[in-house]
Student: 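There's a structure below that I have some questions on.
None of the values given here were measured: they were computed from a predicted structure. Numbers restart at 1 for each chain; the letters A, B, ... are given by sequence-line order, proteins then strands.
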2 protein chains.
Amino acid sequence: MPLPPPYDPYVRDCPSRRLLDRIGDRWTVLLIAALEGGPQRFSQLLRTVEGISQKMLTQTLRSLEADGLVHRTVHPEIPPRVEYELTALGRSLLAPLGALIDWATEHMGEVQSSRDAVDAR
Amino acid sequence: MPLPPPYDPYVRDCPSRRLLDRIGDRWTVLLIAALEGGPQRFSQLLRTVEGISQKMLTQTLRSLEADGLVHRTVHPEIPPRVEYELTALGRSLLAPLGALIDWATEHMGEVQSSRDAVDAR
DNA sequence: CGGCATCCGTGATGATACTG
DNA sequence: CAGTATCATCACGGATGCCG
């Protein structure tokens, strides 16, 4: 008697569900994109990622670090310097994320039009 | 004097940011995945998408409808029958979403391991 | 410079009950 | 069957102040 496949995409606890729990917040994806070009310092990221607060930057970076997507390097200098860069795992996420970004760039206009038409009523 | 490109991925209001605002919630992606196979009735979706409440199902479907990603068909019968299916636009989102789901299926184990190692401390 | 601690408002989500 | 309405909760994220 066949059991349902363990990771049907629409089931609560599948990997894709968990991934979206992680990257679905306000800043994670923006941060990954900002790190695409190479290592960045904390203060650089604070300026680059428009609108993020210090608190959320710290929190999001810690979370990405815990997930193994970002590596944190502390340079024991004065003043302190801390650099963040994507790990190999983090970089491997850039491709599928890019596919999504491309879709958004191409189609969000249609989505917006549809939404505007509804709002007009 | 060159202005910054209007849609740098890490900027607050780029299309990809807005897309993630939409699909980043708890249910949207699961619902799109559940609709991949074809039209589904409300009560079917309620059973298929494990753990979703009636309220969130309604709300998420309405939102997807407003975005032009899902079409809603009411069959004037008794008892009432309502079917939901992906629009062409909605189906076009399946590919990039699939890429993300594939990444998750392949790599969420590593992410989980990394996270477990951190939690252990 | 690169954080952490605290307080707090708001929106997203869930549970429950009712309806055409 | 396919919703709507109401209430309760809780995590997300912003603001502010302090520290090594």
Side-chain angles (χ1 to χ4, degrees), chain A residues 10-13 17-32 34-35 39-67 70-85 115 118 121, chain B residues 10-13 17-31 34-35 39-67 70-85 115 118-119 121:
Chain A
Y10 45 80
V11 167
R12 249 174 120 74
D13 206 42
R17 182 71 200 81
R18 290 212 304 274
L19 175 65
L20 279 150
D21 271 340
R22 282 292 300 110
I23 69 167
D25 64 25
R26 196 175 298 282
W27 302 112
T28 298
V29 169
L30 290 182
L31 221 44
I32 292 174
L35 287 170
Q40 302 272 327
R41 300 185 58 169
F42 186 88
S43 49
Q44 283 181 308
L45 290 170
L46 202 55
R47 284 186 297 269
T48 303
V49 180
E50 195 173 294
I52 196 171
S53 67
Q54 210 169 40
K55 171 186 170 179
M56 290 316 295
L57 181 55
T58 300
Q59 188 173 306
T60 308
L61 284 170
R62 288 288 180 282
S63 191
L64 285 169
E65 200 191 351
D67 288 343
V70 162
H71 183 69
R72 180 173 184 262
T73 308
V74 181
H75 300 269
E77 308 167 359
I78 293 182
R81 182 162 60 96
V82 181
E83 284 190 322
Y84 296 89
E85 65 179 320
R115 185 161 279 274
V118 171
R121 280 183 281 167
Chain B
Y10 45 81
V11 167
R12 253 174 117 73
D13 207 43
R17 181 73 200 77
R18 290 213 303 276
L19 175 64
L20 280 150
D21 271 342
R22 281 293 300 111
I23 70 167
D25 65 22
R26 197 175 298 281
W27 301 112
T28 298
V29 169
L30 290 181
L31 220 45
L35 286 168
Q40 301 273 328
R41 301 185 59 167
F42 185 89
S43 49
Q44 282 180 308
L45 290 170
L46 202 55
R47 282 185 298 267
T48 303
V49 181
E50 195 174 295
I52 196 172
S53 66
Q54 212 166 37
K55 170 186 171 181
M56 291 314 296
L57 180 57
T58 300
Q59 188 172 308
T60 308
L61 284 170
R62 289 287 182 280
S63 191
L64 286 169
E65 199 190 353
D67 287 342
V70 161
H71 182 69
R72 177 173 183 265
T73 308
V74 181
H75 301 268
E77 309 167 356
I78 293 182
R81 182 163 60 98
V82 181
E83 283 191 322
Y84 296 88
E85 65 179 320
R115 186 160 278 274
V118 171
D119 287 348
R121 279 184 283 170

Student: Roughly how many Å is it from CG in B:Leu57 to C1' in D:dG3, rounded to a whole number?
Tutor: 10 Å
Student: Counting only side-chain nitrogens and oxygens, does A:Ser53 get under 4.0 Å of the OP1 or OP2 atom of D:dG14?
Tutor: yes
Student: Is any side-chain N or O of B:Tyr84 closer than 4.0 Å to OP1 or OP2 of D:dC1?
Tutor: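 Answer no for this pair, as no side-chain N or O of B:Tyr84 is under 4.0 Å from OP1 or OP2.
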Student: Counting only side-chain N and O atoms of A:Arg26, is one of them less than 4.0 Å from OP1 or OP2 of C:dA12?
Tutor: no
Student: Whether A:Ser43 contacts C:dG2 is assessed here as follows: a side-chain N or O lying under 4.0 Å from the phosphate OP1 or OP2. Is that the case?
Tutor: yes
Student: Please tell me which of B:Thr58 and B:Arg47 maps to the more 5' nucleotide of DNA chain D, matching each residue to the nucleotide holding its nearest heavy atom.
Tutor: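 Comparing both residues, the 5'-ward one is B:Arg47.
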Student: Verify the contact: side-chain N or O of A:Arg62 to OP1 or OP2 of C:dC4, cut-off strictly under 4.0 Å; return yes or no.
Tutor: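 Yes, within the criterion.
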Student: Rounding to an integer number of Å, can you tell me how far B:Gln59 CD sits from C:dA15 C1'?
Tutor: 14 Å
Student: Do the side chain of A:Thr58 and the main chain of A:Gln54 share a donor and acceptor less than 3.5 angstrom apart?
Tutor: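 Side chain of A:Thr58 to backbone of A:Gln54, a donor-acceptor pair under 3.5 Å: yes, one is there.
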Student: What's the CG-C1' distance between B:Leu20 and C:dA12, to the nearest Å?
Tutor: 17 Å
Student: Less than 4.0 angstrom between a side-chain N/O of A:Arg41 and OP1 or OP2 of C:dG2, yes or no?
Tutor: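 For A:Arg41, the contact criterion (side-chain N or O under 4.0 Å from OP1 or OP2 of C:dG2) is met.
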Student: Toward the 5' end of DNA chain C, which comes first, A:Pro80 or A:Lys55, by nearest nucleotide?
Tutor: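 Going by which nucleotide is closer to the 5' end, it is A:Pro80.
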Student: With respect to the side chain of A:Gln54, which nucleotide from D:dA2, C:dT13, D:dG17 is positioned closest?
Tutor: D:dG17
Student: Expressed in angstrom and rounded to an integer, what is the separation of A:Asp25 atom CG from C:dG11 atom C1'?
Tutor: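 So the CG-C1' distance, A:Asp25 to C:dG11, works out to 15 Å.
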Student: Rounding to an integer number of Å, can you tell me how far B:Phe42 CZ sits from C:dG20 C1'?
Tutor: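 Spelled out: CZ on B:Phe42 to C1' on C:dG20 is 15 Å.
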Student: Check whether any side-chain heavy atom of A:Leu61 lies under 4.5 Å from a side-chain heavy atom of A:Leu45, and answer yes or no.
Tutor: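 Of all side-chain heavy-atom pairs linking A:Leu45 with A:Leu61, at least one is under 4.5 Å.
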Student: Quick one: closest heavy-atom pair of B:Leu64 and B:Arg22, and the distance?
Tutor: N-NH2, 3.8 Å
Student: Could you state the atom-to-atom distance from CG of A:Asp21 to C1' of C:dT13 in whole Å?
Tutor: 13 Å
Student: Side chain to side chain donor-acceptor pair (under 3.5 Å) between B:Arg81 and B:Ser43: does it pass, once the steps are laid out?
Tutor: CA-CA 9 Å; B:Arg81 182 163 60 98; B:Ser43 49; over 6 Å; no
Student: Whole angstrom is fine here: how far is it from CD1 in A:Ile78 over to C1' in C:dC1?
Tutor: 11 Å
Student: So, the side chain of B:Arg26 versus the backbone of A:Arg17: is there a donor-acceptor pair under 3.5 Å, distance only?
Tutor: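 Looks like no, no N/O pair under 3.5 Å.
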Student: Can you tell me how far C1' of C:dG2 sits from CD of A:Glu77, to the nearest Å?
Tutor: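 Spelled out: CD on A:Glu77 to C1' on C:dG2 is 13 Å.
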